[in-house]
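Comments concern the structure below.
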Amino acid sequence: MVYNFNAGPSILPKEVFEEAAAAVLNYNDSGLSILEYGHRTPAFEGIMQEARDLMKELMGLDDNHQVLFLHGGASTQFMQVPMNLLDLKESAAYTDTGLWAAKAIKEAKLFGKPEIVCSSKDKNYSFLPKDFAVPNDSKYLHITTNNTIYGTQWQKIPVTSNSMVADMSSDILSRDLNFNAFDLIYAGAQKNIGAAGVTVVVVNKNILGKVKRNIPTMMDYRNHIAEGSMLNTPPVFAVYTCMLTLRWLKKQGGVKAIEKINNEKAALLYAEVDRNSLFKGTVAAEDRSKMNVCFVMEDGQKEAGFLQYATDNKIIGIKGHRSVGGFRASLYNAMPLSSVAYLVELMKAFENN
Ligand SMILES: *Cc1c(COP(=O)(O)O)cnc(C)c1O
């Protein structure tokens with residue numbers, strides 16, 4: 001057994017791996033692999049429908065909010081969002097809280113006028129700036145709810161009367177939020193929902209169709225809504241894996257129940273980071289992410305040694321992103337509390353030796 005703390009693609013529940021693996025060999029006793037299964041079959045339409053319904057149920061979405069399963073990753077949403085929501089002369093407010101946020105800003109410039117309303121770039125994105133105003137004429141406020149690379153997370157979502165758009169790639173379904181307060185949410189599936197290859201978009205249908213530009217067919221959310229995410233061949237296996245993970249999450253008791261465990265996991269690891277004389281956290285305490293815990297060593301010279309020790313003890317994926325250094329332990333929904341406790345024990349043992 002190994003302990004996978006990768007930031008994404010990342011750990012999924014064991015039973016999801018088992019069911020997905022079985023379906024690759026023989027989907028539901030059909031004699032066909034899920035990989036050769038037609039997307040226009042009633043069985044796959046059922047999978048897509050169930051995945052959509054589970055998203056709606058787990059997020060508590062109202063009927064204005066449509067759930068889409070698209071290609072292209074969260075990175076495609078950086079452009080698809082402004083293409084659908086922003087005219088060239090219109091402005092939208094963006095929070096510059098990390099590398100992913102900065103990429104979203106770069107793409108928005110191609111379609112409108114993104115205005116950076118706050119930034120923590122000069123402090124290497126180690127905190128979330130909260131003292132900012134959103135101009136009235138901003139078509140929307142864009143936030144990254146969890147900054148995967150730096151390990152910051154909005155513990156209180158900023159309040160605005162403007163439309164809200166969020167990149168939730170690394171914390172979607174990890175905690176209870178009022179998801180209906182957002183007009184658009186997007187997330188690459190590979191961190192908390194399933195396999196790489198599919199992106200979940202939740203969009204309030206009432207905000208669409210307001211821009212003047214011609215939108216290419218595949219880029220227009222309205223076409224994907226009309227076709228039930230089957231405008232072209234969807235990523236069948238990735239959607240199937242999402243459905244299995246969503247079923248698993250529902251069985252755990254849903255978002256509120258998983259949030260409780262996620263809080264325990266994060267509290268356990270941060271307590272050790274703070275207690276252990278060798279380690280320290282890298283971000284403002286109030287902004288600490290419950291999904292990606294970033295920490296360094298007081299003595300940077302010891303980091304290679306701890307990484308080796310962790311690797312020797314079957315820990316995978318805790319090397320920090322190159323822009324932060326040190327370590328990052330990703331504690332997504334599927335990560336059991338016992339694995340976090342195991343990492344904490346290793347940190348203690350390393351201190352004692
Ligand atoms: C991983 C990540 C992305 C990029 O996702 P892709 O699906 O690889 O395009 C964007 N935003 C955040 C917050 C992420 O964590």
Side-chain angles (χ1 to χ4, degrees), residues 4-12 68-83 94-108 110 114 119-121 124-128 140-155 157-158 164-175 177 179 182 184-202 218-219 229 234-235 237-239 241-242 245 262 266 283 287-294 317-324 328-335:
N4 180 11
F5 288 88
N6 266 321
S10 44
I11 187 172
L12 290 173
L68 302 174
F69 292 88
L70 305 181
H71 300 271
S75 300
T76 296
Q77 295 308 309
F78 295 160
M79 69 151 165
Q80 196 168 357
V81 166
M83 192 189 283
Y94 276 73
T95 50
D96 177 27
T97 57
L99 266 183
W100 295 119
K103 289 186 187 201
I105 294 164
K106 175 170 179 261
E107 297 302 295
L110 298 171
S119 176
S120 51
K121 188 177 177 186
N124 201 30
Y125 296 121
S126 57
F127 71 102
L128 295 172
Y140 56 83
L141 169 68
H142 180 281
I143 65 169
T144 312
T145 49
N146 183 72
N147 297 280
T148 324
I149 292 172
Y150 302 90
T152 60
Q153 181 181 37
W154 290 100
Q155 297 308 330
I157 300 295
M164 290 272 285
V165 173
D167 177 356
M168 289 196 191
S169 291
S170 50
D171 71 347
I172 193 165
L173 297 173
S174 72
R175 56 175 171 163
L177 293 176
F179 295 103
F182 296 85
L184 199 146
I185 294 167
Y186 59 93
Q190 67 274 20
K191 283 150 191 162
N192 236 346
I193 317 179
V198 68
T199 313
V200 174
V201 173
V202 173
M218 281 296 288
M219 286 292 115
S229 300
F237 184 64
V239 172
T241 309
C242 284
T245 311
N262 287 336
V283 303
D287 300 326
R288 283 175 161 181
S289 166
K290 294 177 176 157
M291 293 285 102
N292 310 98
V293 177
C294 292
I318 59 158
K319 194 169 176 3
H321 189 274
R322 62 189 176 280
S323 50
V324 180
R328 170 176 55 176
S330 297
L331 315 181
Y332 299 121
N333 286 351
M335 171 71 58

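If you're wondering where the values come from, they're calculated on a predicted model, not measured in any experiment. One-based numbering along the sequence shown. We count ligands from 1, going down the list as the structure has it; atoms in each ligand are counted the same way.
- Heavy-atom proximity to Phe78, at under 4.0 Å, picks out these atoms of ligand 1: 10 (C).
- Side-chain contact annotation: Asp167 with Thr144, donor-acceptor N/O pair under 3.5 Å absent.
- Comparing heavy-atom distances from atom 6 (P) of ligand 1 across Ala101, Ala7, Gly72, Ala74 singles out Ala74 as nearest.
- Between Met168 and ligand 1 there is no heavy-atom distance shorter than 4.0 Å.
- The heavy atom nearest to atom 11 (N) of ligand 1, out of those in Asn147, Asp167, Thr144, is found in Asp167.
- Aromatic ring pairs are classed by plane angle as parallel below 30°, tilted from 30° to 60° and perpendicular above 60°; the pair His142 and Tyr94 is parallel.
- The protein non-hydrogen atom at the shortest distance from atom 2 (C) of ligand 1 is Lys191 NZ, 2.4 Å.
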Go through the steps to decide whether Met164 and Ile143 satisfy the test side chain to side chain contact (heavy atoms under 4.5 Å, CB included), and finish with yes or no. CA-CA 8 Å; Met164 290 272 285; Ile143 65 169; 4.2 Å; yes

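- Put simply, part of Asn146 is less than 4.0 Å from ligand 1, judged by heavy atoms.
- Side-chain contact between Asn124 and Tyr150: present, with at least one pair of heavy atoms (C-beta onward) separated by less than 4.5 Å.
- Nearest heavy atoms, Asn192 versus Ser170: ND2-O, 4.3 Å.
- Under 3.5 Å, the side chains of Asp171 and Tyr332 contain no donor-acceptor pair of N or O atoms.
- Using a 4.0 Å heavy-atom cutoff, Gln190 is listed among the residues neighbouring ligand 1.
- The proximity of Tyr186 to ligand 1, defined as any non-hydrogen pair under 4.0 Å, does not occur for either the backbone or the side chain.
- Using cut-offs of 30° and 60° on the angle between ring planes, the pair Phe78 and Tyr186 is perpendicular.
- Each of the following atoms of ligand 1 lies closer than 4.0 Å to a heavy atom of Gly73: 7 (O), 9 (O).
- The single protein non-hydrogen atom nearest to atom 9 (O) of ligand 1 is Ser75 OG, 2.6 Å, given as residue, atom name and distance.
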Show, in sequence, the C-alpha distance, side-chain angles and deciding distance for Thr76 and Leu70, and conclude whether the side chain to side chain contact (heavy atoms under 4.5 Å, CB included) test is met. CA-CA 10 Å; Thr76 296; Leu70 305 181; over 6 Å; no

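- Looking only at protein heavy atoms, the nearest one to atom 15 (O) of ligand 1 is Thr148 OG1, 2.4 Å.
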